[in-house]
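Below: one structure, written as structure tokens.
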Protein chains: 2
Amino acid sequence: MAKVYERIADDLRQLIRAGELRPGDRLPAETSLADQYKKSLPTVRQALAVLQAEGLIEKQHGRGNFVRRPRKLVERTNERHQWEKDRARESLQTRSQTGATEHDTGLQLDDLVFTAKYKEIKADERLAKAIGLPEGTALLERTFRTRYRAESAPFNLTRSYLVLEMIAGNSDLLDETKEPWPGGTQNQLHTVGIEVDRVVERVTARPPTAEEMEELDLPPGTAVLVLQKISYDTNDRVVDVADVTLPGDRTEMTFTTRLERW
Amino acid sequence: MAKVYERIADDLRQLIRAGELRPGDRLPAETSLADQYKKSLPTVRQALAVLQAEGLIEKQHGRGNFVRRPRKLVERTNERHQWEKDRARESLQTRSQTGATEHDTGLQLDDLVFTAKYKEIKADERLAKAIGLPEGTALLERTFRTRYRAESAPFNLTRSYLVLEMIAGNSDLLDETKEPWPGGTQNQLHTVGIEVDRVVERVTARPPTAEEMEELDLPPGTAVLVLQKISYDTNDRVVDVADVTLPGDRTEMTFTTRLERW
DNA sequence: GAGTGGTCTAGACCACTGT
DNA sequence: CAGTGGTCTAGACCACTCC
């Protein structure tokens, strides 16, 4: 009485969970599954689509259907913020050695490819609300992308927004060719006298949009982590708003909360 | 030359993004879309499946396809940990008033339905590693579920693991009927002399499993946030490991990181 | 070229929703 | 009952991978 495609999906799911089909293994060809279950090909394909949506299998055109392997994770911690703050007042030489992403991933600068694009915009409603300034406020939108040199797709998409008036004191901050800036955003802000006091990060998860699937090279059956990071300075002003999109199957974020002692 | 179903999906996606089809609106019937595009019904359905996987539309059997409405969010902050710690030494009366979830959501105790189930188990490899004790260590597994009284599906699934030996001093802690425990886990640990020093939370995102879709009543085209929360006491021992599954379309987590002043 | 998955068609019949 | 989406079939033809 159960739907045929669900029964087939359940069957295969169980084989995978029991370890009879292991990560990387090829599933039987769709035609042979159709024979085996005495069902039509489209029905079998529907069952496989369910498993694909769950992230259990991966379809490879012309090769077969494969049990998906877990991805190597990119770590991202909230201790990077304090680390970056400590660096912000260090010498240029120290700052040039590694950035926050290398700190998280344990990689060298050379392993990563970083691109930046700057653009001046006016705050829309959403940004105005996040920053706490009126709509239309002049902002600098900075689009960042980071990827492993060895891989073709970036592992994060970041758009950061600074208030133009706050950073007017240092024209270098408007120059995208100065990226990657040694010491990162906290050092950039430091050059115009801004000290970051706290960072608030909002996290949600959702399926990727078509564009994100394209740009992050995400297969169907994955999710993205969406992070909005707001930095406040010591006067409680919002000094940076960043929207970060991270592939869920490659990212693990760690947040440490230290509690006051009794 | 683009694939037909992608072209149809792009078309409809654009209508939705442009606001010509607004949240809650019904899309044209599948048969009428097939007529309109002069394509077969299965092709149209394939296009709609793409939009469903992106979380843009919702299929309702016998009614139609609808533009998905954004869900009401459940908030969860990391400041709840300090808040809960402060409460842990308060009077029973104070502790009974509200819990951390109510603190996050701003709701009253009566608005929420809470269920708990306890079970003694042996640590498997994953848990042993998380806790830093040998495999086979006796643990108390506590399964929690929280939902709005008005809704049928819970908005989180939590499994928490305590080391039995650590909590042996208070037999009430083995009694699931004492849940919801006023003051929560931090008070429970306090009764056996344990002070939580810090909480480390690891966050990833993935599509829901079949079981999670069932239990959290998730439609296709949503993701789950998976949170592993590890509590350390002042002696650096792991005193609680909790696995929390949260529906991505209903949850927003906020983490605040305070930085040392210059 | 053999094997595999991807796209698309045409149509039958079932199940659910609303009037 | 009419209208809608859900399941399933049978088969044609295309596109990719690998030998």
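Each chain gets a letter, A, B and so on, in the order the sequences are listed, and its residues count up from 1.
Picking from dC8(C), dG11(C), dG6(C) the nucleotide with the shortest atom distance to the side chain of Y5(B) gives dC8(C). Here the side chain of S40(B) is nearest to one of dT9(C), dG6(D), dC8(D), namely dT9(C). Distances from the side chain of K3(B) to the nucleotides dA10(C), dC8(C), dG6(D) place dC8(C) closest. Side-chain proximity of T43(B) to the nucleotides dC8(C), dA15(D), dT7(D) is greatest for dC8(C). Side-chain proximity of P42(B) to the nucleotides dG18(C), dG11(C), dC18(D) is greatest for dG11(C). The side chain of K59(B) sits closest to dG6(D) out of dG11(C), dG6(D), dT4(C). Closest to the side chain of H61(A), from the set dT7(D), dA15(D), dT17(D), is dA15(D). When each of dG6(D), dA10(C), dT4(C) is scored by its nearest atom to the side-chain atoms of A29(A), the top-ranked nucleotide is dT4(C).
The residue among R26(A) and E6(B) whose nearest nucleotide of DNA chain C lies closer to the 5′ end is R26(A).
One interatomic measurement links the two molecules: CG of L27(B) to C1' of dG3(D), which rounds to 16 Å at whole-angstrom precision. Separating the CZ atom of R45(B) from the P atom of dC8(C) is a distance of 15 Å, rounded to the nearest angstrom. In this structure, CD of Q60(B) is placed 15 Å from C1' of dG3(D), rounded to the nearest angstrom. For the pair I8(B) CD1 and dT7(C) P, the computed distance is 13 Å after rounding to whole Å. One atom, CG of N65(B), and another, P of dG6(D), lie 6 Å apart when rounded to the nearest Å. Here the P atom of nucleotide dG5(D) and the CG atom of L51(B) are 14 Å apart, to the nearest Å. Computed from coordinates, the E30(A) CD to dA10(D) P distance equals 17 Å when rounded to whole Å. When the P atom of dC18(D) is taken as reference, atom CZ of R63(A) falls 5 Å away, rounded to whole Å.
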| said: Test side chain to side chain donor-acceptor pair (under 3.5 Å) on S160(A) and R142(A); report intermediate values, then the result. | reply: CA-CA 5 Å; S160(A) 156; R142(A) 309 182 302 162; 3.0 Å; yes
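With contacts defined as side-chain heavy-atom distances shorter than 4.5 Å, the pair L227(A)/M253(A) qualifies. The closest side-chain heavy-atom distance from I121(A) to Y161(A) is below 4.5 Å.
Taking every heavy atom of both residues into account, L218(B) and P208(B) meet most closely at CD1-CB, 3.8 Å.
For the salt bridge (Lys or Arg N to Asp or Glu O under 4.0 Å) test with D243(B), the passing option among R202(B), R126(B), R159(B) is R126(B); the others fail.
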